[in-house]
2 protein chains.
Amino acid sequence: MSHQISEVNVAGIVEELRARGHRVTPQRRAIVAETLGTEGHIAPQAVAKKVSERVPGVNASTVYRTLELLEELGYVSHAHLEDGFQYHLVGRGGHVHLVCARCGRQEALPVEKTVPFKRLIEKHSGFSPDFSHFSISGLCAACRKLQDSR
Amino acid sequence: MSHQISEVNVAGIVEELRARGHRVTPQRRAIVAETLGTEGHIAPQAVAKKVSERVPGVNASTVYRTLELLEELGYVSHAHLEDGFQYHLVGRGGHVHLVCARCGRQEALPVEKTVPFKRLIEKHSGFSPDFSHFSISGLCAACRKLQDSR
DNA sequence: GTATATGCAAAGGTTTTGCACAGCC
DNA sequence: GGCTGTGCAAAACCTTTGCATATAC
């Protein structure tokens, strides 16, 4: 059931927090754990909700501030998806979300398929794109037909 | 200075509005004109602001409703970019925005470079992605080095 | 004349911010 | 003990919605 655990774990992050002079609080532990335990992406709100199930009374603003800190440290990254503001682990494999701009239907594309394109972009400008947790808009097959037949 | 004008123009959209039983109001004309006149993407708010410079007193809710209508008709599409909710013309050529998740730096990639990847996705699922007005997140060359050297 | 679009105002939701207090180191 | 992080509350912001009025057809 369990996937390959990424080399980034709670202890590692906690260690780096301390090493950088940040403090390790129960809230931060819980937020880090929740974020690492999430497959795919998660909204700050959702983190707040799930975390406060374990550690009672974690404030939303704390969640926002902690996620921002984790992003500064390079562990997570944010995206603006259809569902709003979302965080995801940097570099954790996954799939690309294709969202139809017309009907909203979502499809998935294995991340392997993006490798050649990723290489191309990296060669072009040194920029290393992360497709795995970002939606890409377009038209699904059905809506494309509709469009063409008009 | 002027780019190739796309075949979609204000008159055409106005015509289709009428043909579909929608009404053509000064507000709608202005919103359509502003949207078509925009290179790249634009936020509903920005449309509202620019439009009300010409047609005084266009309400934000009207802008939202009109943009939604234009999306239904297939002229525009929306995205959630770094700057928030944005609309852009469907299928107007341009370039891909690469945004560094770390430092926020933006780079551009000519849309031609995406063609092979676009074909690949289309073959895979019939989904036709539109990269030209959507940001793609990742790490720029500089931030990538920082990341690696840690 | 009638049905649709607009403006207005209020509500809803998310994110940000300032400040006093709590708690990690 | 000092400084950082948290909670609280309020504010800021964007977007949506209901309803009366205006207006395109």
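The sequence lines fix the lettering, A, B, ..., with proteins before strands; numbering per chain opens at 1.
Note on B:Glu53 versus B:Lys49: no salt bridge recorded, every NZ/NE/NH1/NH2 to OD/OE distance being 4.0 Å or above.
Contact annotation: B:Arg18 reaches the phosphate of D:dC25 (side-chain N/O to OP1 or OP2, under 4.0 Å). Put simply, A:Thr62 has a side-chain N or O that comes within less than 4.0 Å of OP1 or OP2 on D:dG7. Between A:Ser61 and C:dT16 there is no side-chain N or O to OP1 or OP2 distance below 4.0 Å. Phosphate proximity of C:dG7 to B:Gln27: present, with a side-chain N or O under 4.0 Å from OP1 or OP2. Proximity of B:His22 to the phosphate of C:dT4: no side-chain N or O atom is located under 4.0 Å from OP1 or OP2. Phosphate proximity of C:dT4 to B:Thr25: absent, as no side-chain N or O sits under 4.0 Å from OP1 or OP2.
A centroid separation of 6.0 Å or more is found between the aromatic rings of A:Phe85 and A:Tyr64.
Along DNA chain C, the nucleotide nearest B:Arg65 and the nucleotide nearest A:Ala43 are compared for position; the residue whose nucleotide lies closer to the 5' end is B:Arg65. In terms of position along DNA chain D, the nucleotide closest to A:Thr66 lies nearer the 5' end than the nucleotide closest to the other residue of the pair A:Thr66 and B:Tyr64.
In this structure, of D:dC14, D:dG7, D:dA24, it is D:dC14 that holds the atom nearest to the side chain of B:Gln45. Distance from the side chain of B:Arg23 is smallest to C:dT2 among D:dT15, C:dT14, C:dT2.
A side-chain donor-acceptor contact under 3.5 Å links B:Thr38 to the backbone of B:Glu34.
Rounded to whole angstrom, the span from the CD atom of A:Gln86 across to the C1' atom of C:dT15 amounts to 14 Å. Rounded to a whole Å, the CZ atom of B:Arg29 is 8 Å from the P atom of D:dC25. In this structure, B:Glu68 places its CD atom 8 Å from P of D:dT17, rounding to the nearest Å. Atoms CZ (B:Phe85) and P (C:dG13) sit 18 Å apart, rounded to a whole Å. The NZ-C1' distance, from A:Lys49 to C:dT14, rounds to 16 Å in whole Å. Straight-line distance from the CD1 atom of A:Ile31 to the C1' atom of D:dG7: 12 Å, rounded to whole Å. For the pair B:His78 NE2 and D:dT15 P, the interatomic distance rounds to 11 Å; values are reported in whole Å. When rounded to the nearest whole Å, the span between CG of B:Leu69 and P of C:dA5 equals 7 Å.
Aromatic ring orientation, B:Tyr87 versus B:His78: perpendicular (interplanar angle above 60°, classes split at 30° and 60°). Relative orientation of the B:Phe117 and B:Phe131 rings is parallel, given thresholds of 30° and 60° on the angle between their planes.
Nucleic acid contact for B:Arg28: sugar-phosphate only, since backbone atoms but no base atoms lie under 4.0 Å from a heavy atom of the residue. Across all strands shown, A:Gly21 has no heavy atoms under 4.0 Å from either base or sugar-phosphate atoms. Among the heavy atoms of the strands lying under 4.0 Å from B:Gly57 are primed sugar atoms or P, OP1, OP2 only; no base atom is included.
Neither side chain, B:Gln27 nor B:Thr62, offers a donor N or O lying under 3.5 Å from an acceptor on the other.
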